[in-house]
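Read the structure below first, then the notes.
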Amino acid sequence: MASLRTLSRLAIVVVLLAWSLPWFQGRKQALTLLAKNKPANLPEINTFTSYSHKLVNRVRNCEDGIIVEEDGLAILSCDPGRDLWNTVMGTFYPRRSLIPNGKLWIYRYEEADDSENSLLPIEFADYPGDFSFHPLGVEYHRDTSTLFVCNHHLEGSRVDVFTLDLSKNAPIAKHTRTILHPLIRTPNSIALLSENEFYVTNDHYIRRKDYPLGALAETYLGIPGGSVAYVNLAAEPVEVRTVARAPFANGVALLNDSTVAVAATSAAEVRLYTRLEDNSLVQSSAIVVSYMPDNLSADKDGSLLIAGHPHPPTLDKLVKHRRSCISGEGVVPQECWKSTSPTWVSKWTAERGLEDLYVSSTEFGSGATAAKDASRNVGIITGLYENGILVWKE
């Protein structure tokens with residue numbers, strides 16, 4: 001009888017070890033990067049035929065940037081208030097009235113930099129209640145002029161929807177609705193399916209402002225608390241379903257009608273999912289990268305662009321330094337605007353696999369998004385805590 005108990009316990013241990021082995025292997029691969037990718041150890045890679053650091057001292061802390069290729073423009077999601085309010089990194093300045101709002105910008109990259117129309121702020125209208133705007137991921141449905149924004153509002157994160165008028169020199173976004181839902185806890189990035197349907201990632205289940213240590217444990221232990229939610233605004237009531245889970249679910253992009261890419265930041269990989277008829281997602285494969293991927297974008301040539309952070313401890317150090325720069329009036333002086341956290345950008349195609357495009361520990365920091373106008377061969381890189389953006393050509 002004792003032998004049977006011993007064998008049973010041994011069998012349970014073996015099953016548990018077999019079940020947890022992929023998790024241990026994944027954590028080993030991800031955590032190895034913390035030592036391997038110290039800024040001094042990083043290679044300097046630049047495959048661009050030309051590039052320049054633009055919009056310096058005009059925009060900063062740009063988390064996302066999307067290309068509207070038909071109009072030759074980019075919509076930049078930027079937030080100087082990120083130095084004081086960042087729900088992902090755990091910055092919550094107590095004097096909320098001093099926290100500046102973020103902005104969305106229209107950047108026409110084909111126009112001369114000194115043209116008055118090359119960079120225009122989007123004005124907001126009809127926003128209900130006190131205007132609080134701290135944007136992360138943005139998406140734009142051009143046919144219906146519908147703009148979607150992940151807004152980390154001071155009173156709770158949500159997805160805001162606007163109608164965007166680009167017909168005049170002063171772009172205006174009129175608020176049409178706000179989506180607040182228990183399954184949209186920590187919205188980070190959006191991928192549109194139609195003017196009424198989209199996927200939105202939740203980067204964590206445990207919110208940093210509620211349980212700081214729990215959120216950090218979720219991040220560094222690679223717990224799959226992050227999620228992808230499917231949202232259908234045409235349903236009554238609005239339909240919201242969790243369709244996938246991933247550790248630190250970050251950027252999301254549609255590669256084609258049947259394949260969805262999701263950045264699993266804590267796992268240092270981009271997961272590819274097959275989209276089913278009911279818009280559920282089933283993981284089909286994963287692209288392992290040498291950094292913590294942030295946002296994703298797919299260009300018209302079918303390439304997946306991945307931007308991210310090679311060394312999270314350096315990014316954490318930058319965030320702490322930025323906090324120390326805050327004056328008593330809630331102002332961060334210009335000498336603190338430069339990012340000191342490295343950037344890694346790659347391109348993936350099914351035919352060629354993963355190719356590194358740009359790696360830098362000194363030149364352009366905290367890269368969060370890479371996006372490209374394939375027809376004009378113009379790309380942008382935004383920096384989570386950087387001053388300006390990088391504009392490049394392959």
Side-chain angles (χ1 to χ4, degrees), residues 30 33-56 59-67 74 76-79 82-83 86 88-89 107 136-137 188-189 248 250-251 253 263 265-266 268-270 287-297 299 303-322 336-348 354-372 378-394:
L33 301 180
L34 301 184
K36 180 181 178 182
N37 284 348
K38 291 180 179 179
N41 298 337
L42 286 176
E44 290 288 327
I45 298 173
N46 189 335
T47 64
F48 303 143
T49 59
S50 65
Y51 70 103
S52 57
H53 195 170
K54 295 191 174 185
L55 308 184
V56 176
V59 302
R60 68 185 184 94
N61 294 5
C62 299
E63 197 271 351
D64 199 7
I66 60 171
I67 296 288
L76 305 177
S77 170
C78 309
D79 187 6
R82 183 168 295 114
D83 300 328
N86 186 334
V88 182
M89 301 295 292
Y107 173 52
L136 269 72
N188 191 296
S189 182
F248 201 151
N250 205 325
T265 301
S266 292
E269 64 185 28
V270 175
I287 305 164
V288 177
V289 296
S290 299
Y291 50 96
M292 305 302 179
D294 197 325
N295 285 328
L296 310 174
S297 70
D299 67 25
S303 299
L304 179 67
L305 293 173
I306 310 165
H309 312 285
H311 196 243
T314 302
L315 181 60
D316 290 337
K317 184 178 179 180
L318 167 64
V319 172
K320 291 177 182 177
H321 172 70
R322 196 66 63 88
C336 289
W337 290 1
K338 175 63 184 169
S339 173
T340 55
S341 179
T343 293
W344 199 310
V345 175
S346 302
K347 176 174 71 174
W348 179 89
L354 192 67
E355 302 172 85
D356 292 326
L357 300 181
Y358 181 82
V359 182
S360 178
S361 58
T362 58
E363 193 170 45
F364 186 88
S366 58
T369 299
K372 183 183 176 186
V378 176
I380 62 171
I381 301 174
T382 65
L384 185 66
Y385 281 96
E386 185 57 276
N387 184 5
I389 65 172
L390 202 71
V391 179
W392 51 275
K393 293 188 176 186
E394 280 193 275

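Only heavy atoms go into these numbers, but all of them, side chains included; no hydrogens, no water, no symmetry mates.
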request  = State, to 0.1 Å, how close V345 and A307 come at their nearest heavy-atom pair, and which atoms those are.
outcome  = CG2-CB, 4.1 Å

ask   = Can you tell me how far the OG atom of S366 sits from the CG atom of L315, to the nearest 0.5 Å?
value = 7.0 Å

query = Got a sec, which residues hit side-chain contact (heavy atoms from CB on, under 4.5 Å) with N46, two or more places apart in sequence or on another chain?
reply = F48, Y51, Y358, E363

key: Distance, nearest 0.5 Å, that separates CG of L318 from SG of C336   = 10.0 Å

Reported OG-to-CG distance for the pair S341 and L384, which is rounded to 0.5 angstrom = 8.5 Å

ask   = Going by the angle between their ring planes, with limits at 30° and 60°, are Y291 and W344 parallel, tilted or perpendicular?
value = parallel

query = When rounded to the nearest 0.5 angstrom, what distance separates CG in L304 from CG in D299?
reply = 9.0 Å

request  = For residues 381-394, pull every pair meeting salt bridge (charged side-chain N to carboxylate O under 4.0 Å, His left out), keeping only residues two or more places apart or in separate chains.
outcome  = K338-E386, K347-E394, K372-E394

request  = Rounded to the nearest 0.5 Å, what's the gap from OG on S339 to CZ on R60? Could you check?
outcome  = 11.5 Å

task = Kindly compute the distance separating OG1 (T343) from CG (L390), expressed to the nearest 0.5 Å.
result = 8.5 Å

request  = For residues Y385 and R322, report the shortest heavy-atom separation together with the two atoms involved.
outcome  = O-NH2, 2.9 Å

task = For E63 and T369, work out which heavy atoms get closest and say how close.
result = O-OG1, 2.9 Å

query = Between K36 and N41, is any pair of side-chain heavy atoms under 4.5 Å apart?
reply = no

task = Could I get the full list of side-chain contact (heavy atoms from CB on, under 4.5 Å) partners for P39, not counting sequence neighbours?
result = H311, T314, P342, S361

ask   = Counting only N and O atoms by type, is there a donor-acceptor contact under 3.5 Å from the side chain of N295 to the main-chain atoms of G137?
value = no

note = Correct closest heavy-atom pair for I67 and A371 would be CG1-CB, 3.7 Å

message = With heavy-atom distances below 4.5 Å as the criterion, would you say the side chains of S346 and D356 are in contact?
response = yes

query = Is the backbone of I389 close enough, under 3.5 Å, to the side chain of T382 for a donor and an acceptor to pair up by distance?
reply = no

request  = Search all heavy atoms of V359 against all heavy atoms of P43 and return the closest pair with its distance.
outcome  = CG1-O, 3.2 Å

message = Using side-chain heavy atoms (C-beta onward) and a distance below 4.5 Å, is W348 in contact with V270?
response = no

query = Quick one: are L42 and N37 in side-chain contact, heavy atoms under 4.5 Å?
reply = yes

query = Under 3.5 Å, is there a donor-acceptor pair between the side chain of T265 and the main chain of P293?
reply = yes

Side chain to side chain contact (heavy atoms under 4.5 Å, CB included) evaluation trace for E44 with T362 = CA-CA 9 Å; E44 290 288 327; T362 58; 4.3 Å; yes

ask   = Shortest non-hydrogen contact from M292 to P312?
value = CG-CG, 3.5 Å

